[in-house]
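These notes are about the structure you will find just below.
The basis for the numbers below is simple: all heavy atoms, side chains too, and nothing from hydrogens, waters or symmetry mates.
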Amino acid sequence: MTGIIKKNEGRSTGIVGSDAAGISAVSSDPPGAELELGSVWLRTDTKQLKSYLVGTAAFATGTAMPYGFTQGSTNGPSYENITEVCGYGGHPRTGGDNGARGYDHQQWNGSAWSQATNHPYANSGCSLTGTQSAGLTCGGHGNPSGPNSPIHPSYSATNISTEWDGSSWGSTASVNYAFSSAHQQHGHGTQSNTKIVNGWTGPSLSSASQLYNGTSWSAEPSTPFTNQWFAGAGPTSDFIGWGSNTASNSYRWDGSSWSTGPSFSTPKSSGEGARIGTANGPTNTGVLCVGSRHPAVNSTELWNGTSWATDVNLHTAPAFGSADGGYAGGGDTGGGSARGLVIGGAPGYPASAVAEYSGAALAALTSPATFA
């Protein structure tokens, strides 16, 4: 018996024939999108009966990047598919800001970091959405000596947008307004369906939002707040987020309008925070809000689909402090292995530190299993 994973509701947990138990027999763990709490399946290759259960959340020291950055743009729909571009202090560097803005483009495959084709111009604080095979960057501080010279009259900001096809970069339509400080703008969308919220437009914070359909950008309803660092997760039709100017509130977007979401126990109004989210939007195992800075805090809170609840503190070694800029996150808390990374922003500039998060787990109930 193979196919859709079935939730083992009301059935005995004793080891019986897989067909009799109504449990699917598979040769690999299913993707997170097919899982819900209590799902049970039989691994025929390892002879294990497995179930998707909520495990004990923890942070641990992750594999350091080849080189560091702060305020880098990071995105990743899963633990095995995380990308970082254009860090401040990244490598290689170029002119402007003492050569601090980078062309960097790093990828994490679940076991190792690799350097991908350089971003076509040096930048920092840009938005990043999509995957390692289909990505989109836009906005950012830009660089005075590059082709993306800032166009905003009072602050370093650009409106350039660039697509990644898995092997090379290409230009696409410009965003309707120049913005920067948007390196947490990475959770709402794909290369052909991306929503951008706020950003720093100078001399004040922005309430603007934009939608990209794969060809052009269009204006979306303004947010009920002004903000620059907006962190969140979910598709363009249903996501939850927060920012540097939203105090204890989170906010939800349902595809047509904004609403105030549940409050955090720790306000996020004092600066950047990170998130480990899910490509499928807010779910019962939700979105992880990670820390903030100015002042730095290492607390985290997990969205369960209804409210925020305190989760395990951000790993203290490496320490993610306020002195070296923001950090970013990627990964999936919505199912499967529920793993993610928090990257950069640690003491020691530029930072190459990585903290790895594990939450809900694929638990082997019996090994080996006996089946008919």
Distance, nearest 0.5 Å, that separates [atom1] of [X] from [atom2] of [Y]:
X: L128; Y: T83; atom1: CG; atom2: OG1; result: 6.5 Å
X: S209; Y: N227; atom1: OG; atom2: CG; result: 12.0 Å
X: D311; Y: T300; atom1: CG; atom2: OG1; result: 4.0 Å
X: I82; Y: Q132; atom1: CD1; atom2: CD; result: 8.5 Å
X: H141; Y: S180; atom1: NE2; atom2: OG; result: 4.5 Å
X: E80; Y: T131; atom1: CD; atom2: OG1; result: 13.5 Å

Please state whether the rings of F239 and W258 are parallel, tilted or perpendicular, taking 30° and 60° as the class boundaries.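 Perpendicular, since the angle between the ring planes exceeds 60°.
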How are the rings of F179 and Y177 set to each other: parallel, tilted or perpendicular (split at 30° and 60°)?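 Correct class here is tilted.
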Pair [X]-[Y], side-chain donor/acceptor within less than 3.5 Å:
X: D165; Y: S167; value: yes
X: N249; Y: T260; value: no
X: Q210; Y: N176; value: yes
X: N118; Y: Q115; value: yes
X: N198; Y: T223; value: yes
X: D254; Y: S256; value: yes

Between [X] and [Y], what is the shortest heavy-atom contact and its length?
X: T158; Y: G142; answer: CG2-CA, 3.5 Å
X: Q191; Y: G135; answer: NE2-O, 2.9 Å
X: V40; Y: I23; answer: O-CG2, 3.5 Å
X: S161; Y: L136; answer: OG-CD1, 3.4 Å
X: N123; Y: G139; answer: ND2-O, 2.8 Å
X: V354; Y: A64; answer: CG2-CA, 4.2 Å

Residues in side chain to side chain contact (heavy atoms under 4.5 Å, CB included) contact with [X], at least two apart in sequence or another chain:
X: S265; value: E301, T310
X: P262; value: S250, W303, W308
X: T117; value: W164, W169

Can you tell if the side chain of [X] reaches within under 4.5 Å of the side chain of [Y], non-hydrogen atoms only?
X: I160; Y: Y121; answer: yes
X: S171; Y: T162; answer: no
X: F59; Y: N313; answer: no

Please confirm whether [X] and [Y] have ring centers closer than 6.0 angstrom.
X: Y251; Y: F225; result: yes
X: H105; Y: Y103; result: no
X: F264; Y: W242; result: yes

Does L211 share a hydrophobic cluster with W253, counting links as ILVMFWY side-chain heavy atoms below 4.5 Å and allowing steps through other members?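 As far as the 4.5 Å side-chain criterion goes, W253 and L211 are not connected within one cluster.
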Please lay out, stage by stage, how D104 and H119 fare under the test side-chain contact (heavy atoms from CB on, under 4.5 Å). CA-CA 6 Å; D104 45 302; H119 194 261; over 6 Å; no
Decide yes or no on side-chain contact (heavy atoms from CB on, under 4.5 Å) for F230 and I196, but give the supporting numbers first. CA-CA 9 Å; F230 188 89; I196 300 302; over 6 Å; no
Step by step, work out the side-chain contact (heavy atoms from CB on, under 4.5 Å) result for T137 and E163. CA-CA 7 Å; T137 64; E163 291 186 349; over 6 Å; no
Run the side-chain contact (heavy atoms from CB on, under 4.5 Å) check on R43 and W41 step by step: do they pass? CA-CA 7 Å; R43 283 285 297 270; W41 63 100; 4.1 Å; yes
Applying the side chain to side chain donor-acceptor pair (under 3.5 Å) test to Y212, which of N193, T172, T190, T194 qualifies?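 Result: among N193, T172, T190, T194, T172 is the only option passing the side chain to side chain donor-acceptor pair (under 3.5 Å) with Y212.
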